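Starting from 1, each residue takes its place in the sequence as its number. Whatever order the structure lists ligands and atoms in, that order sets their numbers, starting from 1. Source: prediction; values computed, not measured. Keep in mind that the numbers below use all heavy atoms, side chains included, and drop hydrogens, waters and symmetry copies.
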Amino acid sequence: MNKSDQKQYFLADNLKAIGVSLLSVVGVTLLLAIVMFMFIREQEESRATEILDNVRVVFRDAEITLDYLNALPYQTCEMDNLAEMRKTLFRSRFVKEIGFYQNNELLCSTYLGILEEPMKEVKPDFYTQLGDAFWINTPLQLFDKQATGTIVQRGRYNAVLDMDSVIGYSYTQDWQLFYNGDQFYHMAGNPSLVGSTLSQDDMDARTGYFSLQFIQCDERYNHTCLKVKSDHGRVLDLHMGKLVLFVFAMLMTAALTHMLTFNYLRRRRSLESRVSKGLKEHKFYCLYQPFVNLESGKVIGCEVLSRFEDEFGPIYPDEFIPQVKEQDMTWEFTVDMITTAMRELNENPEIPEGFKVSFNLFPFDFTREGCLDLDFVLDMNVKNFKLVLEITEDEQIATHSAVKHIKSLKSKGFLFAIDDFGVGYSNLSQLKTLNCDYLKIDRSFVMDMEDNSIRSSLIPHIVSIAEGLNVDLIAEGVENIDQCNELKGLTIGFGQGWLFGKPQSADALAKSVQGTQ
Ligand SMILES: Nc1nc2c(ncn2[C@@H]2O[C@H](COP(=O)(O)O[C@H]3[C@@H](O)[C@H](n4cnc5c(=O)[nH]c(N)nc54)O[C@@H]3COP(=O)(O)O)[C@@H](O)[C@H]2O)c(=O)[nH]1
């Protein structure tokens with residue numbers, strides 16, 4: 001992968017990681033929001049229920065008071081009536097003021113603890129359509145300095161409800177009590193909501209409040225409903241800590257998912273992971289490089305070379321072969337390659353019987369028990385291919401176990417070739433012991449031929465060694481006709497290289513074979 005590819009993948013991975021982290025943040029936010037909403041709703045509902053329960057006690061008190069007063073026979077503000085009103089006022093728990101009305105006109109009233117008209121100097125907060133004056137949460141003079149509530153009118157009498165003493169704490173800003181009369185609508189409690197004779201719709205349309213509403217209507221008092229609203233500010237204040245924690249958690253989630261996704265994507269692109277995945281999913285495939293009889297020019301065999309490509313592009317053998325070794329998968333890899341090649345070459349009718357098929361083996365596998373069981377290849381060899389096993393000169397090949405393996409395989413008909421001859425660990429006595437069938441002259445010797453280099457001058461010596469060992473020679477890396485002619489002149493029997501064909505598919509190999517027949 002070159003630098004520009006790497007940069008592109010880096011950007012693409014980053015974008016994907018950002019996408020995934022955004023998605024996860026949205027998902028977690030939604031989830032937490034639902035949980036939070038349910039939690040807040042439950043909390044607010046139980047709080048509202050508590051308030052409503054308390055306020056209902058006031059209504060009950062007012063109802064009892066009013067029921068009693070309305071049952072009295074008085075028609076004017078006579079003394080007896082005023083005395084009853086005062087007595088009733090003292091008997092009730094919450095009522096602070098009683099007014100006597102006739103034809104919607106206030107004739108007289110009595111206040112608890114008030115020596116003179118309570119709000120003389122104070123402008124009322126509002127008036128009802130009937131002209132009732134409302135003072136909201138204004139401390140009563142002289143008596144107890146508590147806030148007054150609102151007048152609830154029924155029949156001829158009024159009752160003032162002191163809501164603060166009912167709720168248990170003063171100046172509550174977030175509840176309402178309203179009395180829904182035939183022609184009017186009274187509310188008490190939250191001053192910001194109590195402005196005039198608002199309809200229910202008007203009130204609901206007011207902004208700045210959550211839509212959480214808890215309304216209880218009492219059937220017995222058919223005009224009486226209690227309503228508690230939860231306002232943004234209070235709920236926000238209450239849960240500010242959680243909100244900060246929530247934002248922090250979201251930032252952490254975003255950072256963490258980005259990091260994990262980015263690392264996952266980067267790891268997926270690493271050589272190690274691609275090779276490991278390729279091995280598991282059998283993604284390696286075979287190409288076949290022909291080798292020819294230099295004298296006749298005929299393609300008489302091929303070397304099986306593995307290739308790999310995935311969504312990130314190709315990886316070349318020089319990179320993946322060391323990885324396969326690192327992952328200790330050499331034998332599994334070899335079995336996979338041999339199986340694929342045998343199947344493909346068997347299936348192709350143009351590949352003749354007796355064709356030489358050469359496989360690369362890892363020297364390390366020769367030292368291991370349990371490896372190199374190649375009987376399955378013999379079972380697959382329906383076209384009697386001459387099966388050549390290529391091994392590089394290597395110290396591991398000199399071991400007792402390796403020699404034992406080689407002997408056993410030779411006895412089963414496998415041929416052996418020493419690959420890259422001349423550049424590795426060369427040892428004449430080892431060569432004799434191995435009793436191989438071919439020496440493959442490393443391509444560096446062939447490449448240098450035109451320059452008459454020292455290295456190329458060694459080729460005749462290699463020819464002598466081969467004659468001494470009675471093995472055939474295959475020259476690797478033959479790229480042009482001059483090299484080919486020179487090699488022929490040196491009595492080298494076989495050649496492999498781009499002059500005869502690059503590594504190619506089984507079908508292309510079949511055509512090459514046919515072309516030289
Ligand atoms: N154990 C296994 N080793 C394998 C397998 N497949 C490949 N390999 C080894 O990887 C090394 C690199 O192989 P590759 O990139 O496939 O290169 C081969 C040829 O493409 C290249 N070649 C062949 N002719 C020419 C040429 O004329 N010019 C030129 N510049 N290059 C040429 O040489 C490589 C073949 O080398 P060798 O195996 O030494 O004959 C290589 O060591 C492979 O062995 C596998 O399945 N198993």
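The protein heavy-atom contact nearest to atom 20 (O) of ligand 1 is Pro503 CG, 3.5 Å. Of the protein's non-hydrogen atoms, Trp498 NE1, 3.5 Å is the one closest to atom 32 (C) of ligand 1. Among protein heavy atoms, the minimum distance from atom 5 (C) of ligand 1 is reached at Ser306 OG, 3.5 Å. Atom 7 (C) of ligand 1 has as its closest protein heavy atom Leu305 CD2, 3.6 Å. The shortest contact between atom 28 (N) of ligand 1 and any protein heavy atom is with Glu479 OE2, 2.7 Å. Protein heavy atom closest to atom 10 (O) of ligand 1, with residue, atom name and distance, is Pro317 CB, 3.3 Å. Here the protein heavy atom with the shortest distance to atom 4 (C) of ligand 1 is Ile321 CD1, 3.6 Å. The nearest protein atom to atom 36 (O) of ligand 1, hydrogens excluded, is given as Glu476 OE2, 3.8 Å; this is a heavy-atom distance.
Under a 4.0 Å criterion applied to the non-hydrogen atoms of Asp318, ligand 1 contributes the atoms 11 (C), 12 (C). Close contacts of ligand 1 with Asp420, meaning ligand atoms under 4.0 Å from a residue heavy atom, involve 39 (O). Using a 4.0 Å cut-off to heavy atoms of Lys440, the atoms of ligand 1 that qualify are 40 (O). Those atoms of ligand 1 that come under 4.0 Å of a heavy atom in Phe333, given as number and element, are 45 (C), 46 (O), 47 (N). Residue Gly497 approaches ligand 1 through these ligand atoms, each under 4.0 Å from one of its heavy atoms: 24 (N), 27 (O). Ligand 1 places these atoms under 4.0 Å from at least one heavy atom of Phe362: 1 (N).
At a threshold of 4.0 Å, the pair Arg268-Glu311 counts as salt-bridged, since one of the basic side-chain nitrogens sits closer than that to a carboxylate oxygen. Salt bridge annotation for Arg269-Asp13: present, with a cationic side-chain nitrogen under 4.0 angstrom from a carboxylate oxygen. A salt bridge is defined here as a Lys NZ or Arg NE, NH1 or NH2 lying under 4.0 Å from an Asp or Glu carboxylate O, and Lys511 with Glu350 fails to meet this definition. Salt-bridge formation is not detected for the pair Lys283/Asp310: no Lys NZ or Arg NE/NH1/NH2 atom is positioned less than 4.0 Å from an Asp or Glu carboxylate oxygen.
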Q.
Determine whether Phe494 and Phe291 satisfy the following criterion, ring-ring contact (aromatic ring centres under 6.0 Å, His included), listing intermediate values before the conclusion.
A. CA-CA 7 Å; Phe494 305 99; Phe291 50 76; 7.2 Å; no

(Q) If you apply the rule side-chain contact (heavy atoms from CB on, under 4.5 Å), what do you find for Leu473 with Phe421, and how did you get there? (A) CA-CA 10 Å; Leu473 279 173; Phe421 184 73; 5.7 Å; no

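Looking only at distances, a side-chain donor or acceptor of Gln327 sits under 3.5 Å from a matching main-chain atom of Glu272. Under a 3.5 Å cut-off, the side chain of Gln483 and the backbone N or O of Glu479 do form a donor-acceptor pair. Remark: side-chain polar atoms of Thr516 are paired, donor with acceptor, to backbone N or O of Val299 under 3.5 angstrom. Judged purely by atom type and a 3.5 angstrom limit, Thr340 uses its side chain to pair as donor or acceptor with the backbone of Asp336.
Relative to the ring axis of Tyr438, Lys356 does not place its NZ or CZ within 45° and under 6.0 Å from the centre.
Between Phe262 and Phe10, the ring centre distance stays below 6.0 Å.
Contact annotation for Asn360 and ligand 1: heavy atoms of both the backbone and the side chain come within less than 4.0 Å of the ligand. At a heavy-atom cutoff of 4.0 Å, ligand 1 is contacted by the side chain of Arg443 but not by its backbone.
The shortest heavy-atom distance from Arg307 to ligand 1 is under 4.0 Å.
Ligand 1 has a nitrogen or oxygen under 3.5 angstrom from a nitrogen or oxygen of Glu303.
By the definition of a contact as any protein heavy atom under 4.0 Å away, atom 39 (O) of ligand 1 is in contact.
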